[in-house]
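In what follows, a single structure is set out as structure tokens and then discussed.
Not measured: the values here are computed from a predicted model. In what follows, chains are A, B, ... by sequence order, proteins preceding strands, each numbered from 1. Just so it is clear, the values below take in all heavy atoms, side chains as well, and ignore hydrogens, waters and symmetry mates.
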There are 2 protein chains.
Amino acid sequence: MRKTPLKPADFKPQAQIFKALGHPGRLLIVDELSRGERCVCELASMVGSEMPTVSRHLSILRNAGIVEDDKRGTQVFYRLMTPCVMNFFQCIKSLKGNAHSP
Amino acid sequence: MRKTPLKPADFKPQAQIFKALGHPGRLLIVDELSRGERCVCELASMVGSEMPTVSRHLSILRNAGIVEDDKRGTQVFYRLMTPCVMNFFQCIKSLKGNAHSP
DNA sequence: CAGCTTATTCGCTAATATGCGAAATATGTC
DNA sequence: GACATATTTCGCATATTAGCGAATAAGCTG
């Protein structure tokens, strides 16, 4: 029961979430967080980037509502807020082989 | 049974797909294609951009394996290859309200 | 408080994405 | 073949993103 035709702007919130996931390093982070919470330094060593870089990635994921942070002492632990993100990984596997280079 | 730790590069194919979906206009296209195939000119008028722009968006979606094209006469019809993309829209709705501005 | 650790914010540069109009490529019509 | 329609490719200007090191903030420990 939609009254008016949808406009691109109507998809901005969803696009923000996809955009947040559209980065290899951030996907690695999400995959890792699907197995439990991790602090920034752990994630940084996994991703192989400097901590400022990873911290920025995490803020992008947090702004998108995908992860949540929890400060305990000097360290900050992040955890995945949306298990359904992982479901989509399965969906993607089915077409992974089709993807071509730009 | 994973032998070596995952690296960001391992998520490049998946990231390409998320990146392709990380744009309001392209999401509108995907949403429209979920209701049936459409030609480029139909999509262009829906999105409200020039045809070259929409054509580029479609090539991005095609390279990611999300849509497929079918040339019939002078026009080219696109159709959605992954219904599961729409499932993720549901998942996203649950956290849409949490998303903040960058 | 000094010093160490962890994390975020800030400037900056390089790379990438976006969108348009012009030009090129079909395909169909007269 | 000339011409109209539908689409893609190209070239360019602008905007956004990525990543680093320096600087900053906050929390422990001695």
Side-chain angles (χ1 to χ4, degrees), chain A residues 7-9 11-13 15-30 32-33 37-64 66-79 99-102, chain B residues 7-9 11-13 15-30 32-33 37-64 66-79 99-102:
Chain A
K7 295 173 309 231
F11 288 91
K12 245 173 142 182
Q16 188 196 355
I17 292 163
F18 280 112
K19 206 186 299 184
L21 294 169
H23 184 285
R26 291 197 289 268
L27 278 187
L28 175 58
I29 289 173
V30 167
E32 179 66 14
L33 292 182
E37 64 175 20
R38 301 283 187 274
C39 69
V40 182
C41 59
E42 286 176 299
L43 295 170
S45 82
M46 285 201 50
V47 174
S49 299
E50 297 303 313
M51 214 184 297
T53 300
V54 174
S55 180
R56 176 183 282 275
H57 284 319
L58 287 166
S59 82
I60 289 170
L61 291 171
R62 175 161 25 81
N63 285 337
I66 297 165
V67 303
E68 213 177 55
D69 64 330
D70 181 19
K71 188 162 194 171
R72 294 204 291 274
T74 50
Q75 32 195 21
V76 180
F77 291 87
Y78 281 83
R79 63 171 173 280
H100 303 321
S101 303
Chain B
K7 294 174 310 231
F11 287 92
K12 244 173 143 181
Q16 189 195 356
I17 293 164
F18 280 113
K19 206 186 297 186
L21 294 168
H23 183 284
R26 290 197 290 267
L27 279 187
L28 175 58
I29 289 173
V30 167
E32 179 65 13
L33 292 181
E37 65 175 20
R38 300 284 187 272
C39 69
V40 183
C41 59
E42 286 176 300
L43 296 169
S45 81
M46 283 200 52
V47 175
S49 299
E50 296 304 312
M51 214 183 300
T53 299
V54 173
S55 180
R56 176 185 282 274
H57 283 319
L58 287 165
S59 83
I60 289 169
L61 291 171
R62 175 160 26 80
N63 285 336
I66 297 165
V67 303
E68 213 177 55
D69 62 330
D70 181 18
K71 186 163 194 168
R72 294 205 291 274
T74 50
Q75 33 192 22
V76 179
F77 290 87
Y78 282 84
R79 64 170 172 281
H100 303 320
S101 302

### Message
Looking at B:Ser59 and B:Arg56, would you say the former's side chain and the latter's main chain have a donor-acceptor pair under 3.5 Å?
### Response
yes
### Query
Does the B:Arg26 side chain pair with the main chain of B:Ala20, one donor and one acceptor, at a distance under 3.5 Å?
yes
### Message
Measuring only between side-chain heavy atoms, which start at C-beta, is A:Asn63 closer than 4.5 Å to A:Gln16?
### Response
yes
Rounded to the nearest angstrom, tell me the gap between atom [atom1] in [X] and atom [atom2] in [N].
{"X": "B:Gln75", "N": "D:dT8", "atom1": "CD", "atom2": "P", "answer": "11 Å"}
{"X": "A:Leu28", "N": "D:dG19", "atom1": "CG", "atom2": "P", "answer": "12 Å"}
{"X": "B:Arg62", "N": "D:dT7", "atom1": "CZ", "atom2": "P", "answer": "13 Å"}
{"X": "B:Leu58", "N": "D:dT8", "atom1": "CG", "atom2": "P", "answer": "7 Å"}
{"X": "B:Met51", "N": "C:dC20", "atom1": "CE", "atom2": "P", "answer": "13 Å"}

## Note on the structure
Those residues at least two apart in sequence (or on a different chain) that pass side chain to side chain contact (heavy atoms under 4.5 Å, CB included) with B:Thr53 are B:Ser49, B:Glu50, B:His57
### Message
Just to verify, what does B:Leu43 make a side chain to side chain contact (heavy atoms under 4.5 Å, CB included) with, not counting sequence neighbours?
### Response
B:Ile29, B:Glu32, B:Leu33, B:Arg38, B:Val54, B:Leu58
### Query
Who passes ring-ring contact (aromatic ring centres under 6.0 Å, His included) against A:Tyr78, sequence neighbours left out?
none
### Message
Return a single string for nucleotides 12-19 of chain C, one symbol per nucleotide in 5' to 3' order, where B is base contact, S is sugar-phosphate-only contact and - is none, cutoff 4.0 angstrom on heavy atoms.
### Response
-----SSS
### Query
Reading nucleotides 24-30 of chain D from the 5' end, what letters show protein touch, with B for base, S for backbone sugar-phosphate only, - for no heavy atom under 4.0 Å?
--SBS--
### Query
What residues form a side-chain hydrogen bond (donor to acceptor under 3.5 Å, both in side chains) with B:Glu68, not counting sequence neighbours?
B:Arg79
### side-chain hydrogen bond (donor to acceptor under 3.5 Å, both in side chains) against A:Glu37, all qualifying residues, sequence neighbours excluded
A:Arg72
### Task
Quick one: pull up OG in B:Ser55 and CD1 in B:Ile60 and give me the separation to the nearest 0.5 Å.
10.0 Å
#### Entry: Distance (rounded to the nearest 0.5 Å) between A:Ser45 OG and A:Met51 CE
9.5 Å
### Query
Does A:Glu42 have any salt bridge (charged side-chain N to carboxylate O under 4.0 Å, His left out) partners at least two apart in sequence or in another chain, and if so, which?
none
### Query
Is the distance from OP1 or OP2 of C:dT8 to the nearest side-chain N or O of A:Tyr78 less than 4.0 Å?
yes
## Note on the structure
So, with a heavy-atom separation below 4.0 Å from DNA chain C, the residues of residues 40-48 of chain B are none
